[in-house]
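Atom set for the values below is all heavy atoms of this structure, side chains included, hydrogens, waters and symmetry mates excluded.
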Number of protein chains: 2
Amino acid sequence: MEKIDLKKLAKELNLSIATVSKALRDSWEIKAETKQRVRDLADKLNYQPNPYASSMRKRKSQTIAVVIPEIANNFFSVVLDGIQVIAEKKGYHVLTYLTHESYTNEIATIKHLQSGRVDGVLMSLCSETADYQHLIRLKETGMPIVFFDRIAEIPDCPTVTTDDYESGYGATEHLLRRHCKTIAYLSLSQHTSINRKRQQGYMDALKNSPAKPAKNLAVHCGDENGSIMLAIKKLLSKKNRPDGIFASAEKLAIATYHVCNDLKLKIPGDLKVISFSNLRTASLLNPSLSTVTQPAFEIGKEACELLFRKIEKKSNNYMSEHLVLKSSLIARGSTGLDQKLK
Amino acid sequence: MEKIDLKKLAKELNLSIATVSKALRDSWEIKAETKQRVRDLADKLNYQPNPYASSMRKRKSQTIAVVIPEIANNFFSVVLDGIQVIAEKKGYHVLTYLTHESYTNEIATIKHLQSGRVDGVLMSLCSETADYQHLIRLKETGMPIVFFDRIAEIPDCPTVTTDDYESGYGATEHLLRRHCKTIAYLSLSQHTSINRKRQQGYMDALKNSPAKPAKNLAVHCGDENGSIMLAIKKLLSKKNRPDGIFASAEKLAIATYHVCNDLKLKIPGDLKVISFSNLRTASLLNPSLSTVTQPAFEIGKEACELLFRKIEKKSNNYMSEHLVLKSSLIARGSTGLDQKLK
DNA sequence: CTGAAAGCGCTTACAG
DNA sequence: CTGAAAGCGCTTACAG
């Protein structure tokens, strides 16, 4: 089956390429009858316009890029789902790039994105990223960029985040109410803006607590499974170990469960656990896991909608928007509250 | 910051566009000194070639499409991870399309893919797909297609699957050994080839069983969460309810856990459960879930590698390859085996 | 209402 | 070793 293009349609119809092109785009310049003939043949021969030719001519690619640290992750895969829904509605295509939490990868990807392959970028920083020069450079080429969750604060770049300070405060308060005296805040990396906010919420909640817990324990475990297990094992093996864990990422909670199994520590008896998490099985774990859950699907949708707003009124140098969505705290068995919530 | 293209580089360097282009592609026609000058300026000005212009000229897009039913799913998101790893290594870009289990969406996506937007397609069928005409048409345009997991059997299209018959047999045998008398095989949809194989394995295992379980119970629950819960609730409310569940998809097992909570049925006491699943938290569930786990990451990698082999020797009409990877059965608490496996 | 022509930013066969 | 020219498949301002 040969590839069919405008030229072939034109020849077959005894029309010029220009006329066929206009007919297919439903131009008012073309009379109805001609449009019909053209469309009929295009349908019959299953004509699909070459997107790259149009892209070049129109200088827009109908494509956006999503740059995320990883994909095999409940949070990011659901965000992506939300993004895809909006992009599809707009007739846009979605290219995905994974940085695998590596700054070097992130730089290479962002640099490539200056090529004009996409009309806009949706992005969540990798944990190593502390410097935003590569992103500022991309932005300065006129590329619309919207950050979500792990954001960079760059002028004119809209962001979608969740109420990280409040969630951090709330989760800590929850542990305090559950009578924890020593609460460890676990995070993967200390550099992200999110982490700063969550940890600040945690610290403020401790400060305001009448109970005055003994210590402010913040442990940065790194990003690798090995280092995470090790850090948590070390933490929980001490004789003055914490009696509460506030995990800022799902994998830290999972690792905590495993370590508790190994060390024969009982959750919630010996240790109460609450975690930022989008696990769909949180309520089925043993014990069910108390979570702070971010609205991942909405984050994806909102971020994508902000991006399209930015793409569509590119010239308009309007204020950038910063959307903050609410996470929800769901108390379950790991903090001693095993009422069956639906 | 203005967009920089070959023309600008050429002007700046007092060279022709052709020379600059060749220098950047390291052509032997260009002398070393010129190459250096060109590269230096390109680096300095952060030149990125317009990919769509090259694509058009070279008639390849350096892009592949991944068409999957959903993304917010442990299996598919890990497969995608594997695909991305290989694609990135090859310098290819990855477009993702979700069919959301809808045949209509699948047809529209596949039709679009005839446009030349991508050089190859990696695909897992949606559950509604029973007719392959749209795929055959795409293949006949010369598009390399590799199917994984939910495959279509189409000449010249390589496939990557797992040993579904054997896994179905093995999981059923496992339930029989755990003294189940009536085993329900739960699936989302009955049309997929995978399902046929798994179910065949299940039925043969029952047939060969000395125990002769009372019934051959295969329940097709549909794809929506509502219909799934309903079907399972109905099944487990009967007084001659099954004492074993073999779930061919993770969400069926999760629904089963929820229904058991509602109906106060104990797993594994009243009901034993084993499920195809890529849940990373299977071992932490209450009770831990016995699983048949597919090597999702490898599936993605292998499928992507097959695709590149196909893309690279397009002319060569070689035999299509059919790769079958092994799933692993991990017995846990939900079938009464709670030894802590690591 | 239709068509010739220029051009999007590249690559490559060919001439010099 | 360098460059002029054609062309990838479209779109669009312009002429008729």
Query raised in the report: Separation of B:Asp5 atom CG from C:dC10 atom P, in whole Å?
Result: 5 Å
Query - B:Thr19 side-chain proximity, nearest of D:dC10, D:dG3, C:dC10 - result: D:dG3
Query - Under 3.5 Å side-chain donor-acceptor pair for A:Ser61 and A:Asp119 - result: yes
**Report entry** Separation of C:dA4 P from A:Ile17 CD1 (nearest whole Å)
**Finding:** 10 Å
Requested in this report: Using whole Å, report how far NZ of A:Lys22 lies from P of D:dA15.
Outcome: 13 Å
**Report entry** N or O in side chain of B:Thr34 less than 4.0 angstrom from D:dC1 OP1/OP2
**Finding:** no
Query raised in the report: For C:dA13, which nucleotide in any strand shown is its Watson-Crick or wobble partner with both distances under 3.5 Å?
Result: none
Query raised in the report: Can you tell me if the side-chain N/O atoms of B:Ser16 get under 4.0 Å from OP1 or OP2 in D:dA4?
Result: no
Query - Distance test, side-chain N/O of A:Arg25 to OP1/OP2 of D:dT12, below 4.0 Å - result: yes
Report task. Take the protein atom CG of A:Asp26 and the nucleotide atom C1' of C:dC1, then report the distance between them rounded to whole Å. Result -> 15 Å
Query - Sugar-phosphate, base or nothing in reach of B:Lys7, heavy atoms under 4.0 Å - result: nothing
Report task. Take the protein atom NZ of A:Lys3 and the nucleotide atom P of D:dC10, then report the distance between them rounded to whole Å. Result -> 9 Å
Query raised in the report: Between A:His322 and A:Phe147, does the ring centroid distance fall short of 6.0 Å?
Result: no
**Report entry** Atom pair distance, as rounded to whole Å: CG in A:Leu6 and P in C:dC8
**Finding:** 19 Å
Query - Phosphate contact (C:dC10 OP1 or OP2) by B:Ser54 side-chain N/O below 4.0 Å - result: no
Report summary line: 5'-most contact on DNA chain D (nearest-nucleotide basis), B:Met56 vs B:Leu15, goes to B:Leu15
Query raised in the report: How about B:Asn73 and B:Glu70: does a side-chain donor come under 3.5 Å of a side-chain acceptor?
Result: yes
Query raised in the report: A:Lys58 has an atom NZ; how far is it from atom P of D:dC10, in whole Å?
Result: 12 Å
Query raised in the report: Are the aromatic rings of A:His112 and B:His93 close, with centres under 6.0 Å apart?
Result: yes
Report summary line: Answer for the Watson-Crick or wobble partner of C:dA4, both distances under 3.5 Å, is none
**Report entry** Nearest-nucleotide pick for A:Glu29, side chain only, options being C:dC14, C:dT2, D:dC10
**Finding:** C:dT2
Requested in this report: Write down the distance between CG (B:Leu13) and C1' (D:dC1), rounded to a whole number of angstrom.
Outcome: 16 Å
Query raised in the report: Checking A:Glu101 side chain against A:Ser127 main chain: does a donor-acceptor pair fall under 3.5 Å?
Result: yes
